[in-house]
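Take a look at the structure set out below.
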Amino acid sequence: MTDARRELVARGLHALRRSATWWGVGIAAYVVLNTAFWPSLEGSEALEGFEDMGTMLEAFGAQDIASPSGYLDGQVFAFMLPVLLSAMAIAHCTAVTSGDEDAGRLELVHALPVGRRTVWLTRCASAALLLGAVSAAVAVTTVVALSLFSFDGVSAGRVVAATFACALLGGFHAAVGYAAGGLGWPRGRAIGAAVVALVAGYLVAFVLPISETFTDVRRWSPWYWAIGEQPISDGLRPGLLAVLTGVTLLLVWAGTIAVDRRDIRSA
Amino acid sequence: MTAVISCDGVVKRFGTVAALDGLGFEVPAGKVVGYLGPNGAGKSTTIRILLDLARPDDGTVRVLGHDPRTTGPELRRRVGYLPGELRLDDRLRVDETLRSWARIRGGVDEQHVARLCERLSLDPTRQTRGLSSGNRRKVGLVGAFMARPELLVLDEPTAGIDPLVQAEVLELVDDARADGATVFLSSHVLSDVQRVADEVVVIRAGSVVARGDVDDLRRAARQEFTVWFVGPAPEAELREVADVHDVEVRGVEASGVVEGDPNALLAVLARHAVSHLILPEPDLERAFLRFYEDADR
(Lines give C-alpha, C1' and ligand atoms only; values in the text may rest on other atoms or scores of the structure.)
Protein backbone atom coordinates (compact mmCIF):
# COMPACT_ATOMS: atom_id res chain seq x y z
CA MET A 1 0.00 0.00 0.00
CA THR A 2 1.36 3.45 -0.88
CA ASP A 3 1.92 6.17 1.72
CA ALA A 4 -1.02 8.11 0.30
CA ARG A 5 -3.40 5.16 0.60
CA ARG A 6 -2.15 4.32 4.07
CA GLU A 7 -2.68 7.94 5.09
CA LEU A 8 -6.20 8.04 3.66
CA VAL A 9 -7.16 4.84 5.50
CA ALA A 10 -5.59 6.19 8.70
CA ARG A 11 -7.60 9.41 8.41
CA GLY A 12 -10.81 7.45 7.93
CA LEU A 13 -10.03 5.29 10.97
CA HIS A 14 -9.17 8.40 13.00
CA ALA A 15 -12.46 10.03 12.06
CA LEU A 16 -14.52 7.00 13.08
CA ARG A 17 -12.57 5.58 16.01
CA ARG A 18 -14.59 7.11 18.84
CA SER A 19 -17.91 6.29 17.23
CA ALA A 20 -16.78 2.70 16.58
CA THR A 21 -15.71 2.31 20.20
CA TRP A 22 -19.15 3.34 21.47
CA TRP A 23 -20.93 1.15 18.93
CA GLY A 24 -18.74 -1.79 20.01
CA VAL A 25 -19.41 -1.18 23.70
CA GLY A 26 -23.14 -0.81 23.07
CA ILE A 27 -23.50 -3.94 20.95
CA ALA A 28 -21.35 -6.03 23.32
CA ALA A 29 -23.45 -4.79 26.26
CA TYR A 30 -26.61 -5.80 24.41
CA VAL A 31 -25.23 -9.31 23.83
CA VAL A 32 -24.06 -9.68 27.43
CA LEU A 33 -27.40 -8.51 28.87
CA ASN A 34 -29.38 -10.90 26.70
CA THR A 35 -27.15 -13.90 27.33
CA ALA A 36 -27.10 -13.12 31.07
CA PHE A 37 -30.87 -13.70 31.22
CA TRP A 38 -30.56 -17.21 29.79
CA PRO A 39 -29.79 -19.11 33.05
CA SER A 40 -32.93 -17.73 34.70
CA LEU A 41 -35.10 -18.29 31.61
CA GLU A 42 -33.84 -21.77 30.69
CA GLY A 43 -36.58 -24.32 31.26
CA SER A 44 -39.07 -21.73 32.48
CA GLU A 45 -42.72 -22.08 31.50
CA ALA A 46 -42.77 -18.47 30.37
CA LEU A 47 -40.25 -19.17 27.63
CA GLU A 48 -42.01 -22.33 26.52
CA GLY A 49 -45.26 -20.34 26.41
CA PHE A 50 -43.68 -18.11 23.80
CA GLU A 51 -43.40 -21.07 21.47
CA ASP A 52 -47.20 -21.09 21.18
CA MET A 53 -46.89 -17.78 19.31
CA GLY A 54 -45.53 -19.79 16.37
CA THR A 55 -45.55 -17.59 13.29
CA MET A 56 -44.84 -14.41 15.25
CA LEU A 57 -41.59 -15.92 16.46
CA GLU A 58 -40.68 -16.86 12.90
CA ALA A 59 -40.62 -13.16 12.08
CA PHE A 60 -37.69 -12.84 14.51
CA GLY A 61 -35.97 -16.14 13.71
CA ALA A 62 -36.93 -17.41 17.16
CA GLN A 63 -38.96 -20.52 16.36
CA ASP A 64 -36.96 -22.57 18.86
CA ILE A 65 -36.59 -19.97 21.60
CA ALA A 66 -36.64 -22.44 24.47
CA SER A 67 -33.34 -24.01 23.38
CA PRO A 68 -29.94 -22.28 23.93
CA SER A 69 -29.33 -22.03 20.18
CA GLY A 70 -32.85 -20.86 19.41
CA TYR A 71 -32.67 -18.27 22.20
CA LEU A 72 -29.43 -16.87 20.74
CA ASP A 73 -30.98 -16.80 17.28
CA GLY A 74 -34.12 -15.02 18.41
CA GLN A 75 -32.51 -12.58 20.82
CA VAL A 76 -29.28 -11.77 19.02
CA PHE A 77 -28.35 -13.25 15.66
CA ALA A 78 -31.54 -13.32 13.60
CA PHE A 79 -32.58 -9.70 14.18
CA MET A 80 -30.86 -7.32 16.57
CA LEU A 81 -27.21 -8.02 15.78
CA PRO A 82 -27.71 -7.70 11.99
CA VAL A 83 -29.68 -4.49 12.55
CA LEU A 84 -27.11 -3.00 14.92
CA LEU A 85 -24.08 -3.91 12.81
CA SER A 86 -25.84 -2.67 9.67
CA ALA A 87 -26.77 0.62 11.36
CA MET A 88 -23.16 1.14 12.45
CA ALA A 89 -21.75 0.21 9.05
CA ILE A 90 -24.19 2.51 7.21
CA ALA A 91 -23.49 5.40 9.61
CA HIS A 92 -19.71 5.00 9.34
CA CYS A 93 -19.44 4.42 5.61
CA THR A 94 -21.71 7.32 4.69
CA ALA A 95 -20.03 9.62 7.26
CA VAL A 96 -16.62 9.40 5.58
CA THR A 97 -17.91 9.41 1.99
CA SER A 98 -21.12 11.32 1.17
CA GLY A 99 -21.11 12.96 4.64
CA ASP A 100 -17.64 14.41 4.17
CA GLU A 101 -18.56 15.45 0.65
CA ASP A 102 -21.67 17.24 1.98
CA ALA A 103 -19.47 19.04 4.51
CA GLY A 104 -17.00 20.09 1.79
CA ARG A 105 -14.16 18.17 3.46
CA LEU A 106 -13.45 16.13 0.33
CA GLU A 107 -12.79 19.18 -1.85
CA LEU A 108 -9.19 19.59 -0.73
CA VAL A 109 -8.54 15.84 -0.59
CA HIS A 110 -9.71 15.46 -4.19
CA ALA A 111 -7.41 18.33 -5.19
CA LEU A 112 -4.39 16.43 -3.84
CA PRO A 113 -2.38 14.03 -6.03
CA VAL A 114 -4.57 11.01 -5.44
CA GLY A 115 -7.33 9.54 -7.60
CA ARG A 116 -11.01 9.88 -6.78
CA ARG A 117 -11.46 6.12 -6.74
CA THR A 118 -8.62 5.76 -4.27
CA VAL A 119 -10.11 8.40 -1.96
CA TRP A 120 -13.52 6.73 -1.90
CA LEU A 121 -12.22 3.16 -1.72
CA THR A 122 -9.83 3.91 1.14
CA ARG A 123 -12.64 5.58 3.07
CA CYS A 124 -14.86 2.58 2.44
CA ALA A 125 -11.97 0.37 3.60
CA SER A 126 -11.72 2.37 6.85
CA ALA A 127 -15.38 1.73 7.60
CA ALA A 128 -14.97 -1.96 6.66
CA LEU A 129 -11.93 -2.36 8.93
CA LEU A 130 -13.83 -0.90 11.87
CA LEU A 131 -16.84 -3.10 11.09
CA GLY A 132 -14.49 -6.09 11.22
CA ALA A 133 -12.88 -4.90 14.47
CA VAL A 134 -16.22 -4.27 16.21
CA SER A 135 -17.55 -7.63 14.96
CA ALA A 136 -14.45 -9.40 16.29
CA ALA A 137 -14.91 -7.74 19.68
CA VAL A 138 -18.60 -8.72 19.70
CA ALA A 139 -17.74 -12.31 18.69
CA VAL A 140 -15.18 -12.64 21.50
CA THR A 141 -17.62 -11.10 24.00
CA THR A 142 -20.34 -13.50 22.91
CA VAL A 143 -18.11 -16.57 23.14
CA VAL A 144 -17.03 -15.53 26.65
CA ALA A 145 -20.67 -14.89 27.60
CA LEU A 146 -21.66 -18.36 26.39
CA SER A 147 -19.22 -19.98 28.77
CA LEU A 148 -20.36 -17.76 31.65
CA PHE A 149 -24.10 -18.24 31.20
CA SER A 150 -24.49 -21.96 30.53
CA PHE A 151 -25.20 -22.08 26.83
CA ASP A 152 -24.48 -25.80 26.67
CA GLY A 153 -24.12 -27.30 23.26
CA VAL A 154 -23.74 -24.01 21.38
CA SER A 155 -20.69 -24.08 19.12
CA ALA A 156 -18.29 -21.16 19.60
CA GLY A 157 -17.25 -21.56 15.98
CA ARG A 158 -20.84 -21.18 14.81
CA VAL A 159 -21.24 -18.05 16.98
CA VAL A 160 -18.11 -16.49 15.51
CA ALA A 161 -19.19 -17.40 11.97
CA ALA A 162 -22.72 -16.02 12.56
CA THR A 163 -21.27 -12.76 13.94
CA PHE A 164 -19.18 -12.27 10.83
CA ALA A 165 -22.16 -13.20 8.64
CA CYS A 166 -24.10 -10.40 10.40
CA ALA A 167 -21.11 -8.12 9.77
CA LEU A 168 -21.17 -9.08 6.10
CA LEU A 169 -24.85 -8.16 5.97
CA GLY A 170 -23.89 -4.83 7.59
CA GLY A 171 -21.23 -4.43 4.92
CA PHE A 172 -23.83 -5.03 2.22
CA HIS A 173 -26.09 -2.28 3.60
CA ALA A 174 -23.11 0.06 3.97
CA ALA A 175 -22.30 -0.67 0.31
CA VAL A 176 -25.83 0.41 -0.64
CA GLY A 177 -25.19 3.72 1.16
CA TYR A 178 -21.74 3.96 -0.46
CA ALA A 179 -23.15 3.37 -3.95
CA ALA A 180 -25.86 5.98 -3.38
CA GLY A 181 -23.20 8.44 -2.20
CA GLY A 182 -21.11 7.57 -5.23
CA LEU A 183 -24.02 8.52 -7.45
CA GLY A 184 -23.96 11.93 -5.80
CA TRP A 185 -26.76 11.53 -3.29
CA PRO A 186 -26.27 13.52 -0.09
CA ARG A 187 -25.67 11.54 3.10
CA GLY A 188 -29.28 11.73 4.30
CA ARG A 189 -30.58 10.18 1.09
CA ALA A 190 -27.76 7.64 0.99
CA ILE A 191 -28.67 6.50 4.52
CA GLY A 192 -32.31 6.41 3.47
CA ALA A 193 -31.50 4.11 0.54
CA ALA A 194 -29.52 1.77 2.81
CA VAL A 195 -32.28 1.68 5.43
CA VAL A 196 -34.90 0.92 2.77
CA ALA A 197 -32.70 -2.01 1.64
CA LEU A 198 -32.35 -3.13 5.28
CA VAL A 199 -36.09 -3.06 6.02
CA ALA A 200 -37.13 -4.49 2.65
CA GLY A 201 -34.62 -7.32 2.98
CA TYR A 202 -35.91 -8.15 6.45
CA LEU A 203 -39.54 -8.15 5.34
CA VAL A 204 -38.71 -10.42 2.40
CA ALA A 205 -36.65 -12.81 4.53
CA PHE A 206 -38.75 -13.07 7.67
CA VAL A 207 -42.20 -11.47 7.38
CA LEU A 208 -43.50 -12.31 3.89
CA PRO A 209 -42.59 -16.03 4.23
CA ILE A 210 -45.00 -16.28 7.18
CA SER A 211 -47.61 -16.54 4.45
CA GLU A 212 -47.22 -19.85 2.64
CA THR A 213 -47.74 -18.06 -0.68
CA PHE A 214 -44.47 -16.18 -0.21
CA THR A 215 -42.33 -18.83 1.43
CA ASP A 216 -39.83 -18.90 -1.41
CA VAL A 217 -39.29 -15.15 -1.72
CA ARG A 218 -36.80 -15.19 1.16
CA ARG A 219 -34.16 -16.58 -1.18
CA TRP A 220 -34.00 -13.11 -2.79
CA SER A 221 -33.15 -11.36 0.46
CA PRO A 222 -29.60 -10.45 1.51
CA TRP A 223 -30.71 -11.29 5.07
CA TYR A 224 -31.36 -14.85 3.96
CA TRP A 225 -28.05 -15.01 2.09
CA ALA A 226 -26.25 -13.90 5.25
CA ILE A 227 -27.92 -15.73 8.11
CA GLY A 228 -30.56 -18.04 6.65
CA GLU A 229 -33.43 -18.49 9.09
CA GLN A 230 -31.66 -19.43 12.31
CA PRO A 231 -27.88 -18.98 11.97
CA ILE A 232 -26.90 -20.61 15.28
CA SER A 233 -29.39 -23.48 15.14
CA ASP A 234 -29.07 -24.23 11.43
CA GLY A 235 -25.60 -22.95 10.59
CA LEU A 236 -24.63 -20.84 7.58
CA ARG A 237 -24.56 -21.50 3.86
CA PRO A 238 -21.15 -20.63 2.38
CA GLY A 239 -22.58 -20.45 -1.15
CA LEU A 240 -25.10 -17.78 -0.19
CA LEU A 241 -22.46 -15.88 1.79
CA ALA A 242 -20.37 -15.85 -1.38
CA VAL A 243 -23.35 -14.42 -3.28
CA LEU A 244 -23.74 -11.70 -0.63
CA THR A 245 -20.02 -10.92 -0.82
CA GLY A 246 -20.23 -10.69 -4.60
CA VAL A 247 -23.23 -8.36 -4.57
CA THR A 248 -21.56 -6.19 -1.92
CA LEU A 249 -18.39 -5.88 -3.99
CA LEU A 250 -20.51 -5.10 -7.04
CA LEU A 251 -22.18 -2.23 -5.19
CA VAL A 252 -18.81 -0.87 -4.06
CA TRP A 253 -17.52 -1.09 -7.62
CA ALA A 254 -20.62 0.69 -8.97
CA GLY A 255 -20.34 3.49 -6.38
CA THR A 256 -16.65 3.94 -7.13
CA ILE A 257 -17.21 4.10 -10.88
CA ALA A 258 -20.09 6.55 -10.39
CA VAL A 259 -18.06 8.99 -8.29
CA ASP A 260 -15.41 9.05 -11.00
CA ARG A 261 -17.95 10.25 -13.56
CA ARG A 262 -19.49 13.23 -11.85
CA ASP A 263 -18.69 16.58 -10.24
CA ILE A 264 -17.60 16.68 -6.63
CA ARG A 265 -20.10 18.79 -4.69
CA SER A 266 -18.68 22.00 -3.25
CA ALA A 267 -19.52 23.10 0.29
CA MET B 1 5.26 31.79 -24.25
CA THR B 2 3.88 28.43 -23.07
CA ALA B 3 0.39 28.52 -21.59
CA VAL B 4 0.21 26.90 -18.17
CA ILE B 5 -3.59 27.13 -18.19
CA SER B 6 -5.57 27.06 -21.40
CA CYS B 7 -9.37 27.13 -21.64
CA ASP B 8 -11.14 27.13 -24.98
CA GLY B 9 -14.91 27.28 -25.44
CA VAL B 10 -15.56 25.85 -21.98
CA VAL B 11 -19.24 25.37 -21.17
CA LYS B 12 -20.56 24.24 -17.82
CA ARG B 13 -24.27 24.05 -17.09
CA PHE B 14 -26.08 23.46 -13.82
CA GLY B 15 -29.54 22.47 -14.98
CA THR B 16 -30.67 25.21 -17.32
CA VAL B 17 -28.18 27.76 -15.99
CA ALA B 18 -24.91 28.12 -17.90
CA ALA B 19 -22.26 28.88 -15.27
CA LEU B 20 -19.60 29.01 -18.00
CA ASP B 21 -20.62 29.92 -21.50
CA GLY B 22 -17.82 29.46 -24.00
CA LEU B 23 -15.08 30.57 -21.62
CA GLY B 24 -11.66 30.98 -23.19
CA PHE B 25 -8.37 32.38 -21.88
CA GLU B 26 -4.74 31.43 -21.36
CA VAL B 27 -2.38 31.90 -18.45
CA PRO B 28 1.27 32.23 -19.51
CA ALA B 29 4.06 30.52 -17.59
CA GLY B 30 5.75 32.41 -14.77
CA LYS B 31 3.04 35.06 -14.47
CA VAL B 32 0.60 36.01 -11.76
CA VAL B 33 -2.81 36.28 -13.37
CA GLY B 34 -5.74 37.79 -11.52
CA TYR B 35 -9.14 36.27 -12.23
CA LEU B 36 -11.83 38.84 -11.60
CA GLY B 37 -15.58 38.83 -11.64
CA PRO B 38 -18.57 39.38 -9.37
CA ASN B 39 -20.26 36.64 -7.38
CA GLY B 40 -21.81 34.06 -9.68
CA ALA B 41 -19.66 35.03 -12.66
CA GLY B 42 -18.17 31.53 -12.80
CA LYS B 43 -14.77 32.05 -11.15
CA SER B 44 -15.02 29.16 -8.69
CA THR B 45 -16.56 26.89 -11.32
CA THR B 46 -13.57 27.57 -13.58
CA ILE B 47 -11.14 26.81 -10.79
CA ARG B 48 -12.97 23.59 -9.86
CA ILE B 49 -12.74 22.47 -13.50
CA LEU B 50 -8.98 23.17 -13.52
CA LEU B 51 -8.65 20.86 -10.49
CA ASP B 52 -10.98 18.21 -12.01
CA LEU B 53 -13.46 18.70 -9.18
CA ALA B 54 -16.05 19.58 -11.81
CA ARG B 55 -16.28 18.40 -15.40
CA PRO B 56 -17.02 20.74 -18.30
CA ASP B 57 -19.98 19.96 -20.57
CA ASP B 58 -18.05 21.22 -23.58
CA GLY B 59 -14.77 22.83 -24.54
CA THR B 60 -11.11 22.09 -23.93
CA VAL B 61 -9.15 22.60 -20.74
CA ARG B 62 -5.40 22.13 -20.41
CA VAL B 63 -3.40 22.59 -17.22
CA LEU B 64 0.39 22.36 -17.53
CA GLY B 65 -0.28 20.93 -20.98
CA HIS B 66 -2.54 18.12 -19.78
CA ASP B 67 -6.24 17.39 -19.56
CA PRO B 68 -7.13 17.51 -15.82
CA ARG B 69 -9.77 14.82 -16.41
CA THR B 70 -7.39 12.19 -17.74
CA THR B 71 -4.09 13.10 -16.07
CA GLY B 72 -5.50 13.30 -12.55
CA PRO B 73 -3.11 12.69 -9.66
CA GLU B 74 0.12 13.20 -11.63
CA LEU B 75 -1.07 16.64 -12.71
CA ARG B 76 -2.33 17.66 -9.27
CA ARG B 77 1.07 16.78 -7.79
CA ARG B 78 2.34 19.88 -9.66
CA VAL B 79 -0.50 22.13 -8.51
CA GLY B 80 -1.16 23.87 -5.19
CA TYR B 81 -4.78 24.77 -4.54
CA LEU B 82 -6.60 26.98 -2.06
CA PRO B 83 -10.40 26.66 -2.38
CA GLY B 84 -12.70 29.61 -1.85
CA GLU B 85 -14.86 27.66 0.59
CA LEU B 86 -12.24 25.98 2.72
CA ARG B 87 -13.57 23.15 4.93
CA LEU B 88 -10.98 21.48 7.12
CA ASP B 89 -11.30 18.28 9.12
CA ASP B 90 -12.14 19.63 12.58
CA ARG B 91 -11.08 16.35 14.16
CA LEU B 92 -7.39 17.16 13.56
CA ARG B 93 -4.84 19.69 14.79
CA VAL B 94 -3.25 22.07 12.32
CA ASP B 95 0.04 20.14 12.23
CA GLU B 96 -1.81 16.82 11.81
CA THR B 97 -3.73 18.33 8.90
CA LEU B 98 -0.55 19.59 7.25
CA ARG B 99 1.30 16.29 7.82
CA SER B 100 -1.64 14.40 6.34
CA TRP B 101 -1.57 16.50 3.17
CA ALA B 102 2.22 16.13 3.02
CA ARG B 103 1.98 12.32 3.25
CA ILE B 104 -0.66 12.20 0.52
CA ARG B 105 1.65 14.36 -1.60
CA GLY B 106 4.43 11.84 -0.99
CA GLY B 107 6.38 14.05 1.40
CA VAL B 108 7.38 17.73 1.47
CA ASP B 109 10.18 19.78 2.99
CA GLU B 110 9.12 20.07 6.66
CA GLN B 111 11.36 23.08 7.25
CA HIS B 112 9.64 24.86 4.38
CA VAL B 113 6.27 24.11 5.99
CA ALA B 114 7.53 25.44 9.33
CA ARG B 115 8.75 28.63 7.64
CA LEU B 116 5.39 29.10 5.92
CA CYS B 117 3.59 28.74 9.27
CA GLU B 118 5.96 31.28 10.79
CA ARG B 119 5.51 33.79 7.95
CA LEU B 120 1.72 33.51 8.19
CA SER B 121 1.75 33.64 12.03
CA LEU B 122 0.02 30.26 12.17
CA ASP B 123 0.33 28.16 15.33
CA PRO B 124 0.55 24.55 14.08
CA THR B 125 -0.24 23.05 17.49
CA ARG B 126 -3.77 24.46 17.57
CA GLN B 127 -6.87 22.36 17.14
CA THR B 128 -8.52 23.08 13.81
CA ARG B 129 -11.98 23.17 15.37
CA GLY B 130 -11.45 26.48 17.18
CA LEU B 131 -9.73 28.37 14.36
CA SER B 132 -11.11 31.63 12.98
CA SER B 133 -11.90 31.77 9.27
CA GLY B 134 -8.68 33.75 8.70
CA ASN B 135 -6.56 31.14 10.47
CA ARG B 136 -8.29 28.35 8.56
CA ARG B 137 -7.37 30.17 5.37
CA LYS B 138 -3.75 30.29 6.54
CA VAL B 139 -3.81 26.49 6.95
CA GLY B 140 -5.10 26.24 3.39
CA LEU B 141 -2.41 28.61 2.17
CA VAL B 142 0.35 26.57 3.81
CA GLY B 143 -1.17 23.49 2.16
CA ALA B 144 -1.17 25.20 -1.24
CA PHE B 145 2.44 26.43 -1.00
CA MET B 146 3.92 23.47 0.93
CA ALA B 147 5.09 21.45 -2.10
CA ARG B 148 6.53 24.42 -4.04
CA PRO B 149 4.17 23.64 -6.94
CA GLU B 150 4.64 24.78 -10.52
CA LEU B 151 1.12 26.21 -10.54
CA LEU B 152 -0.74 27.83 -7.68
CA VAL B 153 -4.51 28.18 -7.97
CA LEU B 154 -5.68 30.49 -5.21
CA ASP B 155 -9.35 31.33 -4.71
CA GLU B 156 -9.70 34.42 -2.49
CA PRO B 157 -6.34 33.93 -0.74
CA THR B 158 -6.59 36.96 1.55
CA ALA B 159 -10.25 36.68 2.55
CA GLY B 160 -10.67 36.98 6.31
CA ILE B 161 -6.95 37.48 6.95
CA ASP B 162 -5.74 40.51 8.91
CA PRO B 163 -3.98 43.25 6.87
CA LEU B 164 -0.44 42.52 8.09
CA VAL B 165 -0.65 38.88 7.11
CA GLN B 166 -2.43 39.81 3.85
CA ALA B 167 0.76 41.61 2.86
CA GLU B 168 2.74 38.48 3.72
CA VAL B 169 0.42 36.37 1.55
CA LEU B 170 1.09 38.68 -1.38
CA GLU B 171 4.81 38.38 -0.61
CA LEU B 172 4.45 34.61 -0.82
CA VAL B 173 2.86 35.01 -4.24
CA ASP B 174 5.72 37.28 -5.30
CA ASP B 175 8.25 34.75 -4.03
CA ALA B 176 6.52 31.90 -5.87
CA ARG B 177 6.66 33.90 -9.11
CA ALA B 178 10.33 34.66 -8.50
CA ASP B 179 10.91 30.91 -8.12
CA GLY B 180 9.32 30.34 -11.53
CA ALA B 181 5.82 29.33 -10.46
CA THR B 182 2.67 30.48 -12.21
CA VAL B 183 -0.13 31.85 -10.03
CA PHE B 184 -3.80 31.95 -10.97
CA LEU B 185 -5.44 34.20 -8.42
CA SER B 186 -9.14 34.79 -8.00
CA SER B 187 -10.02 37.64 -5.69
CA HIS B 188 -12.64 40.23 -4.86
CA VAL B 189 -9.93 42.40 -3.34
CA LEU B 190 -8.90 44.37 -6.40
CA SER B 191 -6.10 46.14 -4.59
CA ASP B 192 -4.51 42.72 -3.96
CA VAL B 193 -4.74 41.85 -7.65
CA GLN B 194 -3.44 45.28 -8.61
CA ARG B 195 -0.54 44.87 -6.19
CA VAL B 196 0.57 41.42 -7.29
CA ALA B 197 -0.83 40.45 -10.73
CA ASP B 198 0.92 40.83 -14.07
CA GLU B 199 -2.25 40.25 -16.03
CA VAL B 200 -5.95 40.00 -15.36
CA VAL B 201 -8.82 38.08 -16.87
CA VAL B 202 -12.25 39.57 -16.22
CA ILE B 203 -15.32 37.37 -16.57
CA ARG B 204 -18.99 38.07 -16.51
CA ALA B 205 -21.82 35.53 -16.74
CA GLY B 206 -19.39 32.77 -17.62
CA SER B 207 -17.57 34.56 -20.44
CA VAL B 208 -14.39 36.60 -20.60
CA VAL B 209 -15.20 40.30 -21.03
CA ALA B 210 -11.64 41.60 -20.80
CA ARG B 211 -8.11 40.42 -20.38
CA GLY B 212 -4.69 41.93 -20.53
CA ASP B 213 -1.84 43.60 -18.75
CA VAL B 214 -2.78 45.20 -15.42
CA ASP B 215 -1.13 48.51 -16.36
CA ASP B 216 -2.90 48.56 -19.75
CA LEU B 217 -6.19 47.91 -18.01
CA ARG B 218 -5.57 50.71 -15.57
CA ARG B 219 -4.61 53.07 -18.37
CA ALA B 220 -7.86 52.24 -20.12
CA ALA B 221 -9.80 53.17 -17.00
CA ARG B 222 -11.87 56.33 -16.77
CA GLN B 223 -10.38 59.08 -14.64
CA GLU B 224 -12.55 61.77 -13.14
CA PHE B 225 -10.76 65.12 -13.11
CA THR B 226 -11.46 68.46 -11.47
CA VAL B 227 -9.53 71.58 -12.35
CA TRP B 228 -9.61 75.14 -11.04
CA PHE B 229 -8.45 77.92 -13.41
CA VAL B 230 -7.11 81.32 -12.46
CA GLY B 231 -9.70 82.85 -14.81
CA PRO B 232 -12.94 81.50 -16.32
CA ALA B 233 -12.79 77.84 -17.32
CA PRO B 234 -12.29 77.31 -21.12
CA GLU B 235 -15.47 75.25 -21.50
CA ALA B 236 -15.53 75.11 -25.32
CA GLU B 237 -11.93 73.92 -25.50
CA LEU B 238 -12.51 71.26 -22.86
CA ARG B 239 -15.55 69.90 -24.65
CA GLU B 240 -13.54 69.47 -27.84
CA VAL B 241 -10.74 67.41 -26.28
CA ALA B 242 -10.73 63.84 -27.55
CA ASP B 243 -11.59 61.17 -24.95
CA VAL B 244 -12.95 63.77 -22.50
CA HIS B 245 -16.64 63.42 -21.58
CA ASP B 246 -19.24 64.72 -19.17
CA VAL B 247 -17.65 68.14 -18.89
CA GLU B 248 -19.31 70.45 -16.34
CA VAL B 249 -18.22 74.03 -15.74
CA ARG B 250 -19.05 76.17 -12.67
CA GLY B 251 -17.20 79.49 -12.96
CA VAL B 252 -13.48 78.82 -12.56
CA GLU B 253 -14.05 75.14 -11.82
CA ALA B 254 -14.42 72.43 -14.46
CA SER B 255 -14.85 68.71 -14.04
CA GLY B 256 -15.23 65.73 -16.35
CA VAL B 257 -14.10 62.24 -17.24
CA VAL B 258 -11.09 61.32 -19.33
CA GLU B 259 -10.81 57.87 -20.88
CA GLY B 260 -7.41 56.46 -21.63
CA ASP B 261 -4.47 58.76 -22.32
CA PRO B 262 -4.85 62.17 -20.54
CA ASN B 263 -2.18 63.98 -22.66
CA ALA B 264 -4.69 65.83 -24.87
CA LEU B 265 -6.44 67.17 -21.77
CA LEU B 266 -3.12 68.20 -20.21
CA ALA B 267 -2.16 70.02 -23.42
CA VAL B 268 -5.33 72.15 -23.18
CA LEU B 269 -4.72 72.84 -19.51
CA ALA B 270 -1.13 73.90 -20.27
CA ARG B 271 -2.45 76.76 -22.40
CA HIS B 272 -4.29 78.25 -19.42
CA ALA B 273 -3.36 79.36 -15.92
CA VAL B 274 -4.42 76.52 -13.61
CA SER B 275 -4.58 77.04 -9.83
CA HIS B 276 -5.35 73.45 -8.84
CA LEU B 277 -5.82 70.05 -10.49
CA ILE B 278 -7.17 66.74 -9.18
CA LEU B 279 -6.50 63.78 -11.49
CA PRO B 280 -6.37 60.61 -9.35
CA GLU B 281 -4.37 57.60 -10.49
CA PRO B 282 -6.65 55.15 -12.24
CA ASP B 283 -7.09 51.93 -10.35
CA LEU B 284 -8.16 48.46 -11.31
CA GLU B 285 -11.50 48.79 -9.59
CA ARG B 286 -12.55 51.59 -11.92
CA ALA B 287 -11.37 49.62 -14.91
CA PHE B 288 -13.19 46.57 -13.61
CA LEU B 289 -16.44 48.46 -13.09
CA ARG B 290 -16.15 49.92 -16.56
CA PHE B 291 -16.26 46.50 -18.15
CA TYR B 292 -19.51 45.81 -16.37
CA GLU B 293 -21.01 49.15 -17.28
CA ASP B 294 -20.07 48.58 -20.91
CA ALA B 295 -21.48 45.09 -20.87
CA ASP B 296 -24.76 46.34 -19.41
CA ARG B 297 -25.27 48.91 -22.16
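Hydrogens, waters and symmetry mates are skipped; everything else that's a heavy atom, side chains included, is used. Quick note on labels: first sequence line is chain A, next is B, and so on, each numbered from 1. Computed from a predicted structure; not experimentally measured.
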Carefully, step by step, assess A/L108 and B/L88 under the rule side-chain contact (heavy atoms from CB on, under 4.5 Å). CA-CA 8 Å; A/L108 260 180; B/L88 301 173; 4.3 Å; yes
Is there side-chain contact between A/R17 and B/R91, with heavy atoms separated by less than 4.5 Å? no
Residues of residues 46-72 of chain B contacting chain A, heavy-atom criterion under 4.5 Å, by residue number: B/R48, B/L51, B/D52, B/L53, B/A54, B/R55, B/R69
Option from A/L8, A/V119, A/T2 for which side chain to side chain contact (heavy atoms under 4.5 Å, CB included) with B/I104 holds: A/L8
If we define contacts as heavy-atom pairs under 4.5 Å, which of A/R265, A/R105, A/R262, A/R261 has the most with chain B? A/R105
Does any heavy atom of chain B fall under 4.5 Å from the side chain of A/R18, the backbone, both, or neither of them? neither
Between B/R13 and A/D263, does any side-chain N to carboxylate O distance fall below 4.0 Å? no
Using non-hydrogen atoms and a 4.5 Å limit, figure out which bit of B/L75 sits close to chain A: side chain, backbone, both or neither. neither
Give the C-alpha distance, both sets of side-chain angles, the deciding distance and a yes or no for side-chain contact (heavy atoms from CB on, under 4.5 Å) between A/H14 and B/L92. CA-CA 9 Å; A/H14 185 271; B/L92 300 176; 3.5 Å; yes
Is it the case that atom CZ in B/F14 sees more than 12 heavy atoms from other parts of the structure closer than 6.0 Å? yes
Considering non-hydrogen atoms only, spot the tightest contact between A/P113 and B/P73 and give its length. CB-O, 3.3 Å
I need the minimum non-hydrogen distance between A/V114 and B/R76, along with the two atoms involved. O-NH2, 2.7 Å
Would you please go through residues 111-119 of chain B and name the residues with a non-hydrogen atom below 4.5 Å from one of chain A, in numerical order? none
Side chain, backbone, both or neither: which part of A/D260 has a non-hydrogen atom closer than 4.5 Å to chain B? both
Nearest 0.5 Å, what's the CZ-CG distance between B/R105 and A/L112? 5.5 Å
Can you name the residues of residues 121-133 of chain B that have some heavy atom under 4.5 Å away from a heavy atom in chain A? none
Here the pair of heavy atoms bringing B/R87 nearest to A/A103 is CG-O, 3.2 Å
For residues 146-158 of chain B against chain A, heavy atoms under 4.5 Å, the residues are none
Minimum heavy-atom distance A/R11-B/S100, with the two atoms named: CD-OG, 3.4 Å
For a side-chain contact (heavy atoms from CB on, under 4.5 Å) check, start with the C-alpha distance between A/E107 and B/Y81, then their side-chain angles and the critical distance, and finish with the verdict. CA-CA 10 Å; A/E107 172 114 352; B/Y81 171 51; 2.9 Å; yes
